[in-house]
Visitor: 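So that we are looking at the same thing, I have put the structure below in structure tokens.
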Amino acid sequence: MFARLPARNRRFFQTIKPSLVTFRGKAANREFVIELPQLYTDWSLMIAHFPASAAAIRALLPPDSGLEPVTVAPGIGLVTLGAFDYRKPQTLAPYKEVGVMFPVRYRPLLPLPAVPLFRPEWFTDLGFYIWQLPVTTEEACDAGVELWNFPKSLGKIDFTEVDNRRRCTWSAKEPDGEVKRVLTLEVRKSTTTLQLRNYLAYSVIDDRLQQTLVQTFGEYDESRFGFDASFALGEHSIAVQMRRLGMVDTPVGRLYSPQAEGILPGPSAVPFASVPAVLRTPRAMKGRPLPRSERVAILGGGVAGLSAAHELAERGFDVTVFEAKALGGKARSFGVPDTGRRPLPAEHGFRFFPGFYKHLPHTMARIPCGPGRTAADNLVATTRLTVELVDDAKLIFPTRLPVSLADVGSLVASASLLQQRTGCNAEEVAHYLEKVWTLLTSCNERRMEEYENKSWWDFIDAEGSRPQYQQLANTTRALVAADPKNSSTRTVGNILLQMLFDLATPGVSVDRVLNGPTNEVWIDPWVVYLKKLGVEFKTGELQRIDLDRDGRVSGVVVDGETVRAQYYVAAVPVERMAVIVKQSDLDKVDPALKNVIELSRDVETMAGIQFYFEEPLPLEGGHLLHLDSEWALTSLAQAQFWTRDLAAYGNGKIRDILSVDISDFHARGNRGRGKSAEDSTREEIEIETWRQLRESVPVLKTMDYKIASLDPAIGDKPGPGRNAEPLLVNTKGHWHLRPQATTGIPNLFLASDYVQTYTDLATMEGANEAARRAVNGILAASRSSAPLCATWDQHEPVILSPWRWIDRNRYRIGLPWNSDFPILLQGLELGLTVLDSVARAVGLGASETPDGTIPPEVQAAVGDLIEALIDDLRRGDPAAVRRHFAPHALVTIGLDQGGLKDFLPELQGKLDVTVKAVPRRYQLGGRVHVVLTIRVGELHAQASEFVEGHVHVVLVPSQTTDKSRPPRASWTISSLRYREAGAPARREVPLDVRRALARRT
Ligand SMILES: Cc1cc2nc3c(=O)[nH]c(=O)nc-3n(C[C@H](O)[C@H](O)[C@H](O)COP(=O)(O)OP(=O)(O)OC[C@H]3O[C@@H](n4cnc5c(N)ncnc54)[C@H](O)[C@@H]3O)c2cc1C
């Protein structure tokens, strides 16, 4: 999943000449010879800063050393917890390390609070004073003590991957020999970028303060105030001491690096007269003049390939693009064969440039297109988005912030019509809007960890609801060819939100289109410009990527010939890349690339078809979403936006073109009685598409087209696999399969719409951003001084920050998103929860008890949960049980105290399930929370096979959206989480278990 660095990056270490140092170690009681600086060719690290008492920290700093704790606010200092896995030190055996450190400054003239945290580069004296530094080998322990006087000790340090987090547990021996846990640190894993980062460590040798500057280069991601890290202290006496620091488990910053290289020199006395030579940034890292001689081969000439060529050529690289078919890829336009000297223009599919696109317009604005113009000037804003519904109903939305009475009128009319025309009842419309509100106000963590794995269909509760409501879910098909039952809520939601934000931004249009055929107004001028920049274009198909013994690309085979360059950008689509990965065994060097093969199974057909008319189409404003059509059609009448005269094409008689995208190739046409597009011949597709269009837009019934042009990528032979150029759709849980632009193969980079990007959708924007990331990878690998390509995250309105902040707090303590409104109520509930936690922490006992009896549905829910456990036990798989309940975890279930088997007779004689305690029972809002400690095990089994845990089930009375059905008392499990003893973060119980529970309730 994460990009890997070369096993040893020679350039980073280039100017370092280590020398041998001999020392005698006390722990091992023998002599060692190691290199200094010690070069680490492969390590990983995670670091998090937690607020703590500045006074308590100061008391642990060496007296009169001049070191002062960095504060975030008066009286509040920071404790930094770090965990390091040194997998390949140069002359030491691999070891692991944990650091308990204090960010400090040396005799600060102006001890500014908080600023060092945000702008560390401003403070040359900013470093860490290390208080505890356990390691796993005697050799590393001895080296640290003897050479730096670091407070090293021996400990047991383990790293585990838990969902999307990395956990480090440190245990150590007490003086009496008993091993106890000191600390567990967890950090969220995330997408990283190549960075150079230095750390300063302070230590004291012979009463003199020493400074050690550790330089690193690797994959990093930093976040602040993100709840991206947490810790739990154990029972060890060091943990007892740490408790006195008053650390708050709310990180103010976290740094994560899955792979880096590092240079650890010996210490130098403080203050330095100047930075010692060995510590200077290696020359290669400072950047070089533009590397004209660096050759880059770009394989694939779609939007991604051309974007990469653009960025590289502007930075002085020597670029050759190899394209198998036609430049522009899926975004290209072409001429309809046999339609004249200047053939009629056709599109692979119409081009839609939403207002939230930032990367692509940034590139287009640098493509000259006639005197004083750029390709970006060829984008025109539409004014309306029309949703065509059954029975001649339509909704017309303005695609910009309403700026005219007509816009306001159409917005007001559409809002009330949404209910009337969709056939949804008021409750359904309200429910849908609440879901949109949920998305708007959910924190990023919830979006990434919860919504990424939830389908849009499930998120908006479409299952079991009326077809009218389900129709709303189907917009994902028309927009991104995504099946709402499979598409990720995070992706669909993000796109929806970005469009809503565009609508709310004055001057921005949700929808923009080109003012002429795509190739004429964009792709062709682009290629001309790139050629001027020196880019060479060659026709050729990438067949194989060859690797040398060091795991680098030695050459690529294009049309049977080997092509060599310093760097290679694979800009071919995912289904093609999957074949290359397989054939070239790329996953043997970078296992993460195997995911590309899995990802490639999720491609779908979305295809364009154009209808040509000899009269202007009476369809104005912008895109039409034919929600009533079986094949999820969207269309655009093009002539209204074009600046060129259509009479110049074909036989000169054509006046308008209806450009249509077919997004569902599996649904049956002709109101469910006909064939799917996949099973139809090309001619049948044309006829049925026209029928659906006419049914959707009655005005078309009075018109007839002269000629039609279906995307040539759709093969003649009906059936699956006939589309030569499919499109990747964002299926739930996809994010983790998508590779990064930098790979574990040091000179191979990926650029195409399937790469992990902020855009997170297979679009031209995603392809462009991926290309920028690939180029940034090349800039880092070549140590170029050229500026990095800009990338932009998606827009989040600041005004919603308080809501998202509250949700982040709720998410962190295991609560679901809260629909209660207004915000004050949410704050109150959160406050109550926090108060409750504080009360428990200081021993004030449990909070209120819910009244009433436990509903039978809840008991049944527990039954299902237990049944899942029985199944696992029957399979003789205690490990699987631990997947549901980790050993010694706590359980929260909406259930009164008692033996579960009392009301679950099926458990009699099979399972021993005991409720050991009910530490908490309370009701918040409409939700029931009861904390249970249960012990589950097979009867007559050995004690070790028993598991104990806390599981958090939040139950809410379920709302039925269907008014036609009588209301019934039922409960929905909105969240089910368990918490391992001592583990800081709560985990979601596997989806299938939750589903089983939901079915039972
Ligand atoms: C019908 C349709 C409508 C769409 N509408 C929109 C829209 O409105 N807005 C939007 O943003 N996105 C839209 N998209 C998505 C968008 O077109 C793509 O996501 C984007 O063009 C992908 O660009 P790419 O460079 O990553 O891949 P591609 O466009 O697939 O380009 C890859 C290139 O590599 C070439 N190639 C393949 N194999 C090899 C090989 N072995 N050797 C050398 N070259 C090779 C191909 O010929 C191709 O030119 C649409 C897609 C479709 C199918």
Side-chain angles (χ1 to χ4, degrees), residues 297-309 320-334 346-354 356-357 359-361 364 379 478-482 495 511-514 518 522-523 537-545 556-559 563 568-581 583-584 603-610 623 632-636 659-663 665 710-711 713-714 723-730 741 750-755 757 759 761-771 774:
I298 297 180
L299 296 318
V303 173
L306 294 177
S307 305
T320 309
V321 177
F322 296 87
E323 164 58 43
K325 203 191 245 177
L327 292 171
K330 287 194 274 285
R332 72 187 183 279
S333 63
F334 43 88
E347 303 276 336
H348 190 74
F350 60 66
R351 299 291 111 195
F352 163 48
F353 300 74
F356 66 84
Y357 279 15
H359 302 87
L360 198 61
M364 291 172 81
L379 288 174
L479 286 177
V480 285
I495 298 300
D511 187 5
R512 286 171 295 177
V513 294
L514 286 167
T518 306
W522 172 29
I523 305 290
F537 289 92
K538 291 191 175 166
T539 306
E541 183 172 351
L542 166 71
Q543 287 152 332
R544 207 180 58 231
I545 295 178
V556 290
V557 179
V558 176
D559 283 350
V563 172
Y568 302 83
V569 178
V572 298
V574 67
E575 71 281 0
R576 212 34 228 144
M577 193 60 203
V579 177
I580 305 278
V581 167
Q583 280 173 356
S584 313
V603 292
E604 275 292 349
T605 294
M606 182 174 179
I609 178 167
Q610 273 89 47
H623 282 109
L633 305 180
T634 37
S635 68
L636 179 79
S659 186
V660 184
D661 278 1
I662 306 170
S663 297
F665 261 60
L710 174 64
D711 183 347
I714 305 298
N723 183 7
E725 294 178 67
L727 181 69
L728 180 75
V729 292
N730 276 58
L750 305 181
S752 187
D753 56 8
Y754 63 90
V755 167
T757 53
T759 310
L761 191 67
T763 52
M764 301 181 292
E765 173 78 348
N768 182 279
E769 189 191 334

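Side chains included, hydrogens not; waters and symmetry mates left out as well; all remaining heavy atoms used. Whatever order the structure lists ligands and atoms in, that order sets their numbers, starting from 1.
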Visitor: Closer than 3.5 angstrom, by distance alone: can the side chain of Asp661 be matched with the main-chain N or O of Ser663 as a donor-acceptor pair?
Guide: no

Visitor: Without swapping roles, check the side chain of Arg512 against the backbone of Phe353 for a donor-acceptor pair under 3.5 Å.
Guide: yes

Visitor: At a 4.0 angstrom heavy-atom cut-off, what protein residues surround ligand 1?
Guide: Gly300, Gly301, Gly302, Val303, Ala304, Phe322, Glu323, Ala324, Lys325, Ala326, Gly329, Lys330, Ala331, His348, Gly349, Phe350, Arg351, Phe352, Tyr357, Gly540, Glu541, Leu542, Ala571, Val572, Pro573, Arg576, Met606, Ala607, Asp661, Leu727, Ser752, Asp753, Ala762, Thr763, Met764, Ala767

Visitor: Check the pair Thr763 / Tyr357 against side-chain contact (heavy atoms from CB on, under 4.5 Å), numbers first and verdict last.
Guide: CA-CA 10 Å; Thr763 52; Tyr357 279 15; 3.4 Å; yes

Visitor: Going by atom types alone, do Ser659 and Glu347 pair a side-chain donor with an acceptor below 3.5 Å?
Guide: no

Visitor: Only one of Val574, Val603, Leu727, Asn730 forms a side-chain contact (heavy atoms from CB on, under 4.5 Å) with Tyr754, so which one is it?
Guide: Val574

Visitor: Taking Ala324's backbone N and O only, do any of them form a donor-acceptor pair with Glu541's side chain (distance below 3.5 Å, no angle check)?
Guide: no

